[in-house]
**Student:** 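Take a look at this one; I'll ask things after.
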Amino acid sequence: MKAVFVLFDSLNRHALSCYGASNIVTPNFDRLAARAVTFDSHFVGSLPCLPARRDIQTGRLNFLHRGWGPLEPFDHSLSSMLRDSGVYSHLITDHYHYFEDGGAGFHGRYSSWEFIRGQEKDKWRPALKPDTERLSKRYHEKMQDFSCDINAKLPYFVNRQYLEQRGDFPLAQCFESASEFLDAYHAEDSWFLHLECFDPHEPFFAPERFLQAFPEALSGKIFDWPSYGRVDIEPDLLQKLRANYHALVLACDHYLGTLLDQFDRLDLWKDTWLILSTDHGLLLGEKEYLGKNRPPFFNEVAHIPLMIAAPADAGVKTRREAALTQTIDLMPTILDIFEKPIPPEVTGHSLLPLMRTGTPVHSAGSDCPGAIYGQFGAAINYTDGRYTYFLYPEVAFETNLYQYTLMPAHMRTFFEAEEFAGAALVEPLAFTQGFPVMKLPVLAQSKGNMTRRYPLLEASTVLYDLQNDPQQRHPIKDPDIEQRIRRDIAAHLRANHAPHEMFARYGLASDIEFTEIA
C-alpha cells in the first residue's frame with residue numbers, strides 16, 4: 001500500500017470553489033474533489049500550527065494538557081509507527097516551525113526528510129546591514145509589527161528579496177521534490193509521502209503571475225501580513241490583503257495540479273491513496289476579525305477541508321460526506337490504510353468504515369458525541385455539526401492552568417527558570433506510556449508563552465445554530481441545548497484524561513464525575 005498526504009497551512013475552505021467559493025475558482029482542488037470523498041463537516045482539533053500537527057501525529061487532542069510544544073517522548077507518532085513497521089515514511093516540508101525549539105521531534109521520526117528553506121521568519125539568508133529605509137518605502141506601515149520593529153520581520157524581508165531574485169519559491173520546490181520522489185519510487189510498495197506546504201499561511205507572498213488576476217494586490221505598497229485581532233485597517237487595505245491571500249491559494253491550486261497530473265501519468269490512482277487537508281483556516285475580515293489565534297474560533301478557522309481519494313479497489317465510492325470528522329481522525333485512518341494497529345490511547349477514529357459503509361464516527365449515540373477543539377488556555381469549542389458552542393473559562397488565563405510535559409519549550413524558546421517555580425513531577429498519565437511528566441504552572445508574563453500574546457478578546461460563552469445561522473452571526477439562548485452540550489464536553493474531557501482542574505476551570509465539575517490527576 002502507498003499513500004500521499006498533502007497538508008497545506010491556513011487553507012480556508014471558503015476560498016475553494018469545491019467548497020462553494022464564488023469569487024475564486026480553484027480547478028485542481030475541484031479536480032481532486034471530483035474523484036475523492038470530500039468531507040463537508042470536517043473540524044480542527046488542537047490549535048494552532050504545531051498543536052494541530054501533534055494531533056495529526058498522535059491521533060489525540062493535546063490542547064487540554066499542553067500549549068505549543070514538541071512531540072513528547074511518550075507520543076506514539078504516525079511517522080515513527082509506520083517507519084518501525086516497515087512502511088517507509090518521507091517528509092517534504094517548508095514549514096520552518098518544525099526546526100525551532102518548539103518543533104523538536106517531528107521531522108526526526110520519519111525514515112527521511114527534506115527541509116526547503118525561506119518561508120516567513122525562517123532564519124535563512126544573512127542580513128548584517130538591513131536597508132530599513134528601503135523596506136519602509138516598499139512595505140505598508142500597517143503590516144504586522146512593522147511600525148514597531150522592522151527587525152522582528154527582518155528574516156522575511158531578506159528571504160523574500162532573495163526568492164524574488166532567484167524566482168524559485170518554496171511552494172514550487174516542495175512539489176518538485178514530491179515529483180522526484182514519485183518518479184523514483186512509484187513502482188515500489190509500502191511508502192508514505194508527507195508533502196507539507198507552509199502556504200497559504202501569511203505572509204501571503206505569491207509569484208507575480210498568480211497576482212495578475214488581482215490588480216489590487218499589485219498596486220501600492222506591499223501588504224500581505226495582517227496583525228491578529230479586530231479589523232483595524234481601511235477597506236482598501238483589507239481588499240489588498242484578501243487579494244494576496246487568494247493569489248497564494250491559486251498558486252497552491254496550480255502546484256496541486258502538477259501532482260494530480262503525475263498521478264494521472266504514472267497511474268497512481270490504481271494503488272495509491274491521496275489525502276489532502278489543512279491545520280486550520282483563518283479570518284480575513286469576517287466577523288470583523290483578522291487571523292486565527294486572537295479571534296474566537298469561528299468556522300472560518302475551525303471548519304476545514306478534507307479530501308481522501310482511495311485506490312480503485314479500496315471499496316470507496318466518490319461522494320460528498322456530511323458526517324462529522326476531525327483532525328485527530330487522520331492518524332488512525334492512515335494506520336488503517338496500511339493495516340497497522342492503532343494505539344489504545346488514540347481518541348480519533350479511522351474514517352475507512354465511514355468511507356466504505358457510511359458508519360459515522362462522532363455520532364450522537366457514541367460515548368463522546370460531537371467534537372471539541374481549541375487552543376490551550378482559551379475556550380473549549382464544541383460542534384455536533386448542527387450547533388457550535390464556545391465555552392470560555394470562568395477564571396483568568398493564568399489561574400489554575402498547568403502544562404503537562406517532558407519537553408519544556410515554547411514556540412521559539414525554552415521555558416524560563418521562573419516557569420519551574422511550583423513545578424512538580426507527577427505520576428504517569430493514562431496516555432504517557434509509563435512516563436511521569438512535569439506539571440508546570442502557566443505564567444502569563446512568561447516571554448515564551450504564546451497564548452500570552454493572544455489574550456482572550458471574547459470571553460462570553462455563546463451558542464450558534466448552524467442550520468439557521470451558518471455565518472454564526474446571531475448567538476441563541478437555549479438552556480436545554482447548552483446543558484446537553486456541556487455534558488458532551490465533559491465526556492470529551494474525561495475521554496481525553498483532561499487534568500482535574502480543567503473541569504472546574506470551565507464550570508463543568510458538576511456535569512460529570514472525573515478522576516483527579518495527582
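None of the values given here were measured: they were computed from a predicted structure.
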**Student:** Would a line drawn from the ring center of Trp124 to the ring center of Tyr96 be shorter than 6.0 Å?
**Tutor:** no
**Student:** With sequence neighbours excluded, give me every side-chain hydrogen bond (donor to acceptor under 3.5 Å, both in side chains) pair touching residues 237-252.
**Tutor:** none
**Student:** For Phe115 and Tyr98, I'd like to know if the aromatic rings sit close, meaning centre-to-centre distance below 6.0 Å.
**Tutor:** no
**Student:** So, Asp9 and Lys292, do they make that salt bridge, N to O below 4.0 Å?
**Tutor:** no
**Student:** Show every side-chain hydrogen bond (donor to acceptor under 3.5 Å, both in side chains) that has at least one partner inside residues 208-217, sequence neighbours left out.
**Tutor:** Arg209-Tyr255
**Student:** Check the side chains of Ser17 and Thr26 for a donor-acceptor pair under 3.5 angstrom, ignoring hydrogens and angles.
**Tutor:** yes
**Student:** Which residues pass the side-chain hydrogen bond (donor to acceptor under 3.5 Å, both in side chains) test with Asn28, not counting sequence neighbours?
**Tutor:** Arg31, Asp253
**Student:** So, using salt bridge (Lys or Arg N to Asp or Glu O under 4.0 Å) as the criterion, who are the partners of Asp465 when residues are at least two apart?
**Tutor:** Arg386
**Student:** Which residues satisfy the salt bridge (Lys or Arg N to Asp or Glu O under 4.0 Å) test with Asp101, sequence neighbours excluded?
**Tutor:** none
**Student:** Please identify each residue that fulfils salt bridge (Lys or Arg N to Asp or Glu O under 4.0 Å) with Arg134, with sequence neighbours left out.
**Tutor:** none
**Student:** Pairing donors with acceptors under 3.5 angstrom, does anything connect the side chains of Glu202 and Tyr228?
**Tutor:** yes
**Student:** Salt bridge (Lys or Arg N to Asp or Glu O under 4.0 Å) with Asp75: which residues, sequence neighbours excluded?
**Tutor:** Arg54
**Student:** What pair of heavy atoms forms the shortest contact from Tyr382 to Gly370, and how long is it?
**Tutor:** OH-CA, 3.8 Å
**Student:** Mind listing the closest non-hydrogen atom pair of Ala36 and Met307 along with its distance?
**Tutor:** CB-CB, 4.1 Å
**Student:** Taking only residues two or more places apart in sequence or in another chain, which ones pass side-chain contact (heavy atoms from CB on, under 4.5 Å) with Thr318?
**Tutor:** none
**Student:** Is there any ring-ring contact (aromatic ring centres under 6.0 Å, His included) pair reaching into residues 15-39, and which pairs are they, with sequence neighbours excluded?
**Tutor:** Phe8-Phe29
**Student:** Excluding sequence neighbours, so at least two apart, what forms side-chain contact (heavy atoms from CB on, under 4.5 Å) with Ala178?
**Tutor:** Ile92, Leu193, Leu195
**Student:** Is Asp131 salt-bridged to Lys137, going by a charged N under 4.0 Å from an acidic O?
**Tutor:** no
**Student:** Report, as yes or no, whether the 6.0 Å neighbourhood of atom CD on Glu133 holds more than 12 heavy atoms from other residues, nucleotides or ligands.
**Tutor:** no
**Student:** What residues form a side-chain contact (heavy atoms from CB on, under 4.5 Å) with His303, not counting sequence neighbours?
**Tutor:** Arg13, Phe43, Asn299
**Student:** Taking ring pair (Phe, Tyr, Trp, His ring centres under 6.0 Å) as the definition, give me every residue that meets it alongside His362, ordered by chain and number, with sequence neighbours left out.
**Tutor:** His349
**Student:** Are Phe192 and Tyr110 an aromatic pair, judged by ring center distance below 6.0 Å?
**Tutor:** no
**Student:** Where do Arg60 and Glu72 land on the salt bridge (charged side-chain N to carboxylate O under 4.0 Å, His left out) test, with the steps shown first?
**Tutor:** CA-CA 13 Å; Arg60 58 177 294 120; Glu72 299 282 351; over 6 Å; no
